[in-house]
A.B. asks: 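The structure under discussion is supplied below as structure tokens; questions concerning it will follow.
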Amino acid sequence: MSNKLVIFDTTLRDGEQSPGASMTRDEKLRIAKQLERLKVDVIEAGFPASSNGDFEAVQAIANTIKDSTVCGLSRANDRDISRAAQALKGAASSRIHTFIATSPLHMEKKLRMTADEVFEQARLAVRFARNLTGDVEFSTEDGSRSDIDFLCRVIEAVIKEGATTINIPDTVGYAIPELYGNFIKTLRERVPNSDKAIWSVHCHNDLGMAVANSLAGVKIGGARQIECAINGLGERAGNCSLEEVVMAVKTRRDYFDLDLGIDTRHILGASRMVSQTTGFVVQPNKAVVGANAFAHASGIHQDGVLKARDTYEIMRAEDVGWSNNKIVLGKLSGRNAFKQRLQELGVTLDSEMDINTAFARFKELADRKSEIFDEDILALVNIGEAISGAGERYRFVSLAQHSETGEQPQAQIVFTADGKEVTGQSDGNGPVDASLKAIESHVHSGAEMVLYSVNAISGSTESQGEVTVRLQSAGRVVNGVGADPDIVVASAKAYLSALNKLQNQAERVAAQG
Ligand code: KIV
Ligand code: ZN
């Protein structure tokens with residue numbers, strides 16, 4: 001059996017299905033480029049049949065990415081599969097991923113199909129996909145709760161039809177590591193042609209065991225592909241976290257003995273990019289990418305690390321992209337210094353125009369904040385729409401607000417709507433409330449705010465505030481993110497960004513609907 005472990009990233013598909021995590025085409029493209037830099041083997045770019053927006057995003061990624069295989073999801077029907085094939089046409093290397101539910105519960109209650117009907121549909125779907133491409137993945141949705149005899153029958157048939165990867169999802173995060181590992185092992189032993197396909201695991205984190213289950217699927221079960229997402233983004237409690245599973249396999253190579261193609265130095269950049277694009281903040285104590293992941297607070301630990309680093313550190317911070325470069329930039333820093341810092345941070349901007357726009361934003365920030373840290377630079381390029389701001393309906397211009405003890409706060413905001421400058425005014429419970437109501441006085445979105453959070457980007461009161469606003473309207477949920485040293489301005493930018501996303505987001509078909 002091969003020692004190569006395939007890393008299949010589904011941040012842009014399953015990750016994006018997380019309520020509020022929807023991304024624009026340009027945001028997805030930027031993340032796909034970062035995943036390519038990270039050298040993930042397969043990028044699941046989206047679900048082309050779910051909406052025109054998703055189709056276009058998958059198409060743009062397929063036309064751009066050269067070093068990773070680009071994959072599109074489809075239900076097990078000809079229309080979805082054709083749509084995926086069409087979106088992937090320009091890819092250097094592409095994969096169609098088709099799925100159907102196989103558990104008794106899903107077949108009876110959701111699909112309202114008999115097991116024989118599901119069997120037939122799975123077989124025909126793989127046959128159809130295989131006529132369009134040589135790389136076809138088949139997933140048994142809710143696989144971990146499916147009957148093993150039925151799974152063996154379906155899997156044997158789809159491998160005969162040409163499926164090259166067989167994925168057994170733990171769709172609802174119900175599995176237990178040892179049981180799941182043995183389940184995969186038994187399937188591989190019982191399916192007569194199992195050696196003709198690569199076996200894959202796809203675990204959700206409802207019981208906090210997605211990483212453990214994935215590793216058991218590999219170690220006990222013999223799977224050689226792990227499906228995962230940056231920061232563990234995904235439906236409900238999320239997917240298996242890429243950074244954790246990759247660093248587990250790398251750090252414990254003595255145990256797993258598997259080869260990975262991942263360039264782990266780009267992990268932190270990918271984590272920041274995904275968090276700042278979606279507004280899903282990374283908790284400080286999150287393994288590998290949390291702010292405290294390599295911080296030693298206790299005196300005993302600090303003393304130990306100073307004497308011999310491996311007393312308390314099992315991986316090197318710089319191996320996952322943390323830098324100990326403390327050089328800060330300021331308003332006297334030139335374009336070259338800025339460009340070099342971007343490079344050191346692993347940020348590649350597409351054109352000189354994008355660098356110029358980012359540099360202008362940097363100068364604007366440096367006029368208001370004496371020291372610009374790496375975190376500020378990453379926020380500068382990650383937050384908001386694509387760097388050029390193309391496609392935004394609303395853009396922030398300026399804000400004036402007044403608040404004083406014992407008086408009702410007042411705000412006046414100027415922003416552009418479809419390129420025309422408009423002004424809104426309102427009072428409110430506090431300056432943030434007044435500013436957002438001032439925007440609403442003009443926009444009348446009627447959206448309900450379901451989350452508002454503020455996070456200091458670099459830890460001090462001089463820091464920029466990073467604000468996430470989650471809005472819900474007509475069954476759609478979106479997150480907007482804004483950053484500014486003034487948290488009221490950051491809040492207004494986040495609100496406008498969420499309104500832009502509400503405007504852009506088309507109705508979608510859910511992958512597990
Ligand atoms: O969790 C799941 O079952 C999925 C499939 C569509 C692969 O995401
Ligand atoms: Zn999933």
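In what follows, residues are counted from 1 in the order of the sequence shown. Not measured: the values here are computed from a predicted model. As the structure lists them, so they are numbered: ligands from 1, and atoms in each ligand from 1.
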A.B. asks: Can you list the atoms of ligand 1 that are under 4.0 Å from a heavy atom of H204?
C.D. replies: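 Answer, ordered by atom number: 1 (O).
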
A.B. asks: Which residue pairs pass the salt bridge (Lys or Arg N to Asp or Glu O under 4.0 Å) test with at least one member in residues 155-183, sequence neighbours excluded?
C.D. replies: R123-E161, R127-E161, E156-K160

A.B. asks: With a 4.0 Å heavy-atom cut-off (strictly under), which part of H202 contacts ligand 1: side chain, backbone, both or neither?
C.D. replies: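 For H202, only side-chain atoms sit under 4.0 Å from ligand 1.
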
A.B. asks: Applying a heavy-atom cut-off of 4.0 Å, say which part of Q17 lies close to ligand 1: side chain, backbone, both or neither.
C.D. replies: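 It is neither part, as no heavy atom is under 4.0 Å.
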
A.B. asks: Mind running side-chain contact (heavy atoms from CB on, under 4.5 Å) on M247 and T264 for me, showing each step along the way?
C.D. replies: CA-CA 8 Å; M247 289 316 289; T264 59; 3.8 Å; yes

A.B. asks: Could you tell me if T171 and D142 have a donor-acceptor pair between their side chains, going purely by distance under 3.5 Å?
C.D. replies: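 There is no such pair between these side chains.
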
A.B. asks: Is any side-chain heavy atom of V469 closer than 4.5 Å to a side-chain heavy atom of M449?
C.D. replies: yes

A.B. asks: Under a 4.0 Å heavy-atom limit, does T171 contact ligand 1 with its side chain, its backbone, both, or neither?
C.D. replies: both

A.B. asks: For the pair R252 and D254, evaluate salt bridge (Lys or Arg N to Asp or Glu O under 4.0 Å) and give the outcome as yes or no after the intermediate values.
C.D. replies: CA-CA 5 Å; R252 296 307 308 269; D254 59 317; 3.0 Å; yes

A.B. asks: Can you see whether F280 has R470 sitting over its ring - NZ or CZ less than 6.0 Å from the centre and within 45° of the normal?
C.D. replies: yes

A.B. asks: Looking at every heavy atom in both W199 and S194, which two are closest together, and how far apart are they?
C.D. replies: NE1-O, 3.1 Å

A.B. asks: Please indicate whether any nitrogen or oxygen in N167 is less than 3.5 Å from any nitrogen or oxygen in ligand 1.
C.D. replies: no

A.B. asks: Which of these, R13, E235, E137, E44, has its nearest heavy atom closest to atom 6 (C) of ligand 1?
C.D. replies: R13

A.B. asks: For ligand 1, which atoms sit closer than 4.0 Å to a heavy atom of E141?
C.D. replies: 3 (O)

A.B. asks: Out of all atoms in ligand 1, which are within 4.0 Å of some heavy atom of D14? Include the element for each.
C.D. replies: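 So the atoms of ligand 1 that pass are 8 (O).
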
A.B. asks: Quick one: does E227 get within less than 4.0 Å of ligand 1, heavy atoms only?
C.D. replies: no

A.B. asks: For ligand 1, which atoms sit closer than 4.0 Å to a heavy atom of P169?
C.D. replies: 2 (C), 3 (O)

A.B. asks: Counting only N and O atoms by type, is there a donor-acceptor contact under 3.5 Å from the side chain of E16 to the main-chain atoms of M23?
C.D. replies: yes

A.B. asks: With sequence neighbours excluded, what pairs up with E466 under the salt bridge (Lys or Arg N to Asp or Glu O under 4.0 Å) test?
C.D. replies: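 Not a single residue meets the salt bridge (Lys or Arg N to Asp or Glu O under 4.0 Å) criterion with E466.
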
A.B. asks: At a non-hydrogen distance cut-off of under 4.0 Å, which region of H97 contacts ligand 1 (side chain, backbone, both, or neither)?
C.D. replies: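 The side chain, only.
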
A.B. asks: Identify, by name, the N, O or S atom of H202 lying closest to the Zn ion (ligand 2).
C.D. replies: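 This residue's closest N, O or S atom turns out to be NE2.
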
A.B. asks: So does D14 have any N/O/S atom less than 2.8 Å away from the Zn ion (ligand 2)?
C.D. replies: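 Short answer: yes, at least one N, O or S atom is under the cut-off.
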
